[in-house]
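In what follows, a structure is listed as structure tokens, so that the remarks can point back to it.
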Amino acid sequence: MRPPAVFFLLGALLPASQILAFKSNDFKTCAQSGFCRRGRALSARALAADLSWRSPYSIDPSSVLLAPDQASFTASVKSALYPEVNFGLDLRLHEDGVVRVRMDEIGGLRKRYDEAANWALVAPPRISRDISWKVGKNAVRAVYGEKKNIEVIVEFEPVRVVLLRDGVEQIVLNDGGLLHMEHFRTKDDAEPVAIPEGEAQTTLQLNNRAWFEGEEQDAWWEESWSTWTDSKPKGPESLSLDVTFPNHLHVYGIPQHATNLSLPTTTGPDAGYTDPYRLYNSDVFEYLPSSPVSLYGSVPLMHAHNAKSTVAIFNAVGSDTWIDIGRTETGTKTHWISESGILDVFLLPGPTPADIIAQYTRLTGTAPLPAHWALGYHQCRWNYVSSDDVRSVQKRLDNEDMPVDAFWLDIEYSEGHKYFIWDKKNFPDPVEMIKDVEALERRMVVIVDPHFKRDSSYPVYKAASELDALVKPKSGSGEYEGWCWPGSSSWVDFFNPASWDMWVSFFKTKSVDGQWSWIESTENVGIWNDMNEPSVFNGPEISMPRDNVHYGGWEHRDVHNINGMLFANQTYNALMQRSDPPKRPFVLTRSFYAGSQRFGAMWTGDNVGTWEHMAIGIKMVLANGLGGFGFGGSDVGGFFGNPDPEMVVRWYAVGAFSPFFRAHAHIDAKRREPYLLDEPYKSILRDMLRLRYAMLPVWYTAFKEMSTTGIPILRPQYVVFPEDAEGFAIDDQFYVGSSGLLVKPVTTRGATSASVYLSDPQIYYDYFTSHAYPAPAKKVTHGRTVTVPAALHEIPLLIQGGSIVPTRERPRRSSALMRHDPFTLRVALSTEGSATGGVYLDDGEGYGYTNGEFVWREFGAETKKGGWGKGGELKIWSKDRATQGGSNDVAVYNPANVFAKSVSGVRVERMIVLGVGSRPALVSVNGGSTVEWEWQEGIGSGATTEGKAGVLVIRDPAVGITSDWQITVVF
Amino acid sequence: MYPWFLLAALPLPVLSAVGKTHGVPPSHVAKYVPTTSTSGVGQTWTCLDGSKQISWNAVNDDYCDCPDGSDEPGTSACPNGVFFCKNVGHIGSTIPSSRVNDGLCEPECCDGSDEAPGVCPDKCKDVGEEYRKVMEAERKLRKTGSKIRASYIAFAHKEKKRLEGGLVDLEQEIATREKEVERLRGIAKRAESLSAKELERKKQSPLYQSLLTHYTALKSLQHEYKQHLEREKALGDILDALRTGYNPNYQDMAVLEAVRGWETLAGLPRINNSPKEDKKEDEEDGLWSAERIERELNKLLNIDHVSLLLEHEKVVDEPSSQSILLDVTAYLPDSFIPPYLAFREKLLSWLELLGIKAGSSDTSSEANRARQALSDAEHSLKLTQEELQTAHEDLSDLFNPEGFGTEGEWKKLDGLCLEKDLGEYTYEVCLFDEARQKPNKGGSSFSLGKFTSWNKLAEPGTPEYYTRQRYTQGAKCWNGPQRSLELILTCGTENVLLTVSEPEKCEYQITGTTPALCLPVEDGKRDEL
């Protein structure tokens, strides 16, 4: 269907007010940040000095101390600038080949923050016992890997760490000599040498560190910006490190930024951006859809990729960090500048994108399997204003037969923005309301933010205050007071372990020992953790002063980027302990850090209802997946603004193919729930919602894979085809899990078709029309671009030949109500006439699966040699995948487990075989009874010209989803 | 907890055991019969839309064959199907197929037929009874309400009579007043023609000219002053709205500063703080207070300058204002004076009539008086004409479907103010007039809009049309649109407001009841659904 011309009119009439509302004055540029300025000045001096530049840091060869039984060693490092200062280096080789490099100041005036990795890592990494370091005259070396092709060299003077594979340099630390750990000093020592006027000539002689550190003590002891002054009691303590990927032209990762997936450069003549990428969790109002500014979350993980190799570094730092990216002819140079903390860098050897993600998630943990309902459609708005409003939204969706799994309440449910406390005027019956939602097996998700209204009658604030578990001001005592939704507020300090039990008791639905608990909730309520950057309306950069004090005396600057993760972490923990037996918690967080994937879902924050934001949201979710945090999405429709119906429809298509699918809108936005749209939009939205639900088996299986291997749910082109250079920069299409589904959401106005890039010489089928895009006739090494229909009601969605896609196509009101619906299998035959696929199922909300209570099937299809000629045969089968391994839970798996029994009556009601080139003679089940079928004439999977595929529909073979079976198609 | 365990325990083809007419509404049962095919392939059946012929076995076999979903009336196999539950003991009902065999017992199917046997109990007896009770209660409510409504209609008819009666009186009054105006106009004309010349001369006086300049200046100042007052008020309204309505959600401390600044400037008590004592400002010596300006400036500007000029002449020229000839009294013995005055009066009026003695100060003030009388009479006439106009309009609104309803049932409620106290605010809707939000703890109240229309989505005159009233063009939100209100009414025995909500920023929704919506119950004919 072509969109009527009225769309274009509507577009033209849109107010121009939403152009740029990003308040750049609220956030620092590098030039406004003292340590970033110092870091960039350092790299500028190195650039100017060119070949004469030499890192002042070196390893004392006599200090190298190998661990007796592990692949680790320590050594002392000196800086030629400050020979009296000691630095300690610690290198470890993990069992999986990851190299960890740590450096700290030893015996300094103060202690650098060294706990970032403790929060990020899921468990202490296992150090290899098989690999050994060899100490040479100029370096320490280790060679390892299955083919003994990986080598790590730690050079002494200057200090330089190199990871090589097959003799080719992959990652080099301090290649550019920008390593600099500003040691602690006292303010008096640091007073600049007074230079009499007119004697500037002697400066160089007097200050023999200026060639490296510069002439000025730039913002060492105090820093003012806008109306704030940062007292910097510890003085300068920044960390500069250059990381070079000499042979990789593409780098990805370091979410969260609104940029292309393959990161544009920030230095050099053709720089994509002028400022470095920044990681400093920030509540950015109406952020720009293309910018290196920091956003809500920070994952300091960077992938580097070429056609032969993928490597990565994970820089476990929790303070404000700026990253410059520059390109050389063959590779990429990056420069990381952090405000504080030790050097703690992990080198991930790859060699494939999937290996990198596995190595990274082995360090920081994989995302747990979420509750099944969380993959459904989430209906949100700031705000549903009353319990009757919630009921009415539910009713209207039901009246339209539009599926939905969760209704959300934003901050206005709470009285005076005192989270947990219901505003009884509008929500007089909260538990009844929640139960009305749960009656249809849906869930409510309610917001709880980390700032507490300073009101002694508010039990939540009172408890935290009495426990002394609130963030302290720079004095180190009392309670920091800032401004947020409730007005004057204080922030819970989740670095303080005393807060953890408190948080657990808050979420109990029955009061324990007279402690305050949220008894007006249920054991199924999900929690939305927002504003956890933390957002402070009257603070510097809309956040906390950096000299605020957390538990253990650490300054806020040391832990800023970790802060948001701990909030979601403790909420997740509290929800886990809410019920017995536990149910899988659902927590949505806005702020995140490395490791946050262990605690729920994220979204891309307060986006704007524009096409640019729709497009960038996809890239941001892809980038987050590369950062191990694949359970994400962006607000469908855009948080700010009033998108026209065309944009709303396209955005639902984006949402239907996002791991997290939530529609949300700002309080000033008009209501835009799907039932409010006129036809034909309303029906299109219904179809899209139903498509999402039909594909839930695909999504759930992809989540299962992510929870075991870390591999993201949405897979960018280069992850699926690491050797196809043409796909390295593609970030507007992606594969869903390992299902073979390839999606390219439309993010432009008025589109009627879309170009999809195909890397592999394989046939692809249009999901909806069965139109086939055959593999190229001749063997070619490069990909091809095909044009697919993309009118408003169409989603460019292809199935890769060789895939079997399980769906459940009966519309229901919520995902739980589909639990006993039959399956449809789409068998998309490859050019060779074969296909594979799988499906993972479990009870969707408990932890029975860890006791083997699940079903994991593998489907296969194969065409006998001779193909579809007379007597030819096509076999389609199902077998138990769990017994073949691949899951952590297999050890206790029993094919006749409780869950499997509960779904043993669920059948496959239909098989749609794509690419069947000739009319079958008969179709039989398990070599016995024949079943009805229908064949629509079309081309076979081995065809070489585009056209409608031949489709065989097998009618109700009545085979169980949990049982082994084989269907035989005889030609 | 999960009823489908029952399902799951059964063998796979369980659902094919469903009867062929399961889920078929009575009106279609006759269509669910097999056709015996002549070609010998067994019994067949044709989809209700005629699009396809399928095997009779394929009906209700839990596999969707027909594009219209008609082959699966009793299962969930077709996405576009519908399911009929008989609900014996209650009323039959139709649900979408998506609700069949989903493990939940649908309230619409009290007989439990939407799920496999044994999953949902048959509750139709109780449900039916309960339903009939509710319907009876509703019928009673409507009956009582419709009686009140009838009284509203009676009121409208009385009102019509009253207005019509008033029309006659008003028309007569207008006729009388018109005559009076005519008469006075004649007098004023004559008086003016006598005095015009002399007046022109006197108007040349520098004092008069200066007075005119003063007048213009004062008038201009007043105009400016009013504009400033209006701007200040508008600004104050904006800031008041900001102060009470702002959500500190724009992360904008500038807004907070503005609110605090305004509170200081306007001397407002901070929200949540106890109100401070009002301070009275002392008036400066000799200068007028704002109230006095308001009160007296207009009076001052409305003074007739010509009269003033003449008054002035009178005062200044008192001794010599009249000609010696006529001022004979000074030379006459006291006893002669009264007869003389009487004579002079006659003489003067005689002279005036002859046009011999014209332009005297007395004649000018006479003209002035005549002019004043004419203007008063004209004003009265205008008022009466307006009254007539209004009465005409009221009369035409009375039985106008887009006004007070086809039966005039809403006239009684015209201007009736209903209130709902929600703690922080009281919401007031004066029907057909204006709705307001009034803070209970002090501060200014906001208009939520003035009555603009009935439910625009319904046809005027239909019952649906009168269930919604729109009030628009209320006070502007500081960061949004002008406030507006949708009043949603249902039949009830009282005129009351029930709930207030703000589904979108500054767009309010209030629900309430009114007897005006209680249509008479047709007795003897119960609602049969």
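FYI, side chains are in, hydrogens and waters are out, and symmetry mates aren't considered; it's all heavy atoms of this structure. By convention in this document, chain letters (A, B, ...) are assigned in the order of the sequence lines, proteins followed by strands, and residues within each chain are numbered from 1.
- Rounding to the nearest 0.5 angstrom, the gap separating the CG atom in B:D61 from the CD atom in A:E909 is 10.0 Å.
- B:E502 contributes no side-chain N or O that, together with a main-chain N or O of A:V385, makes up a donor-acceptor pair within less than 3.5 Å.
- Looking at A:D401, only its side chain comes within 4.5 Å of chain B, counting heavy atoms on both sides.
- Interface remark: B:Q509 contributes no atoms to any contact with chain A (heavy atom separation under 4.5 Å).
- Considering only heavy atoms from C-beta on, B:D102 stays 4.5 Å or farther from A:R810 through its side chain.
- Around the NZ atom of B:K123, the shell of radius 6.0 Å holds no more than 12 heavy atoms that belong to other residues, nucleotides or ligands.
- With respect to chain A, the highest number of heavy-atom pairs below 4.5 Å among B:P79, B:S501, B:S76, B:P96 belongs to B:S76.
- Taking CG of B:L422 as the start and CG of A:N426 as the end, the distance is 8.0 Å to the nearest 0.5 Å.
- In this structure the side chain of A:R955 reaches within 4.5 angstrom of the side chain of B:D65, judged on heavy atoms.
- Residue B:L104 holds its CG atom at 4.5 Å from CG of A:L817, rounded to the nearest 0.5 Å.
- In terms of heavy-atom pairs under 4.5 angstrom with chain A, the leader among B:S97, B:P503, B:C64 is B:P503.
- The distance from the NE2 atom of A:H666 to the NZ atom of B:K505 is 7.0 Å, given to the nearest 0.5 Å.
- For A:D398, the parts lying under 4.5 angstrom from a heavy atom of chain B are both the backbone and the side chain.
- Counting heavy-atom pairs closer than 4.5 Å to chain B, the top residue among A:R910, A:K425, A:E809 is A:R910.
- Contact of A:V953 with chain B is made through the side chain alone, with heavy-atom distances under 4.5 Å.
- For a residue to count as touching a neighbouring chain, one of its non-hydrogen atoms must lie under 4.5 Å from one of that chain's; by this rule A:A669 touches chain B with the backbone only.
- Ranking A:K670, A:M818, A:R812, A:E932 against chain B, the residue ahead of the rest is A:R812, based on heavy-atom pairs under 4.5 Å.
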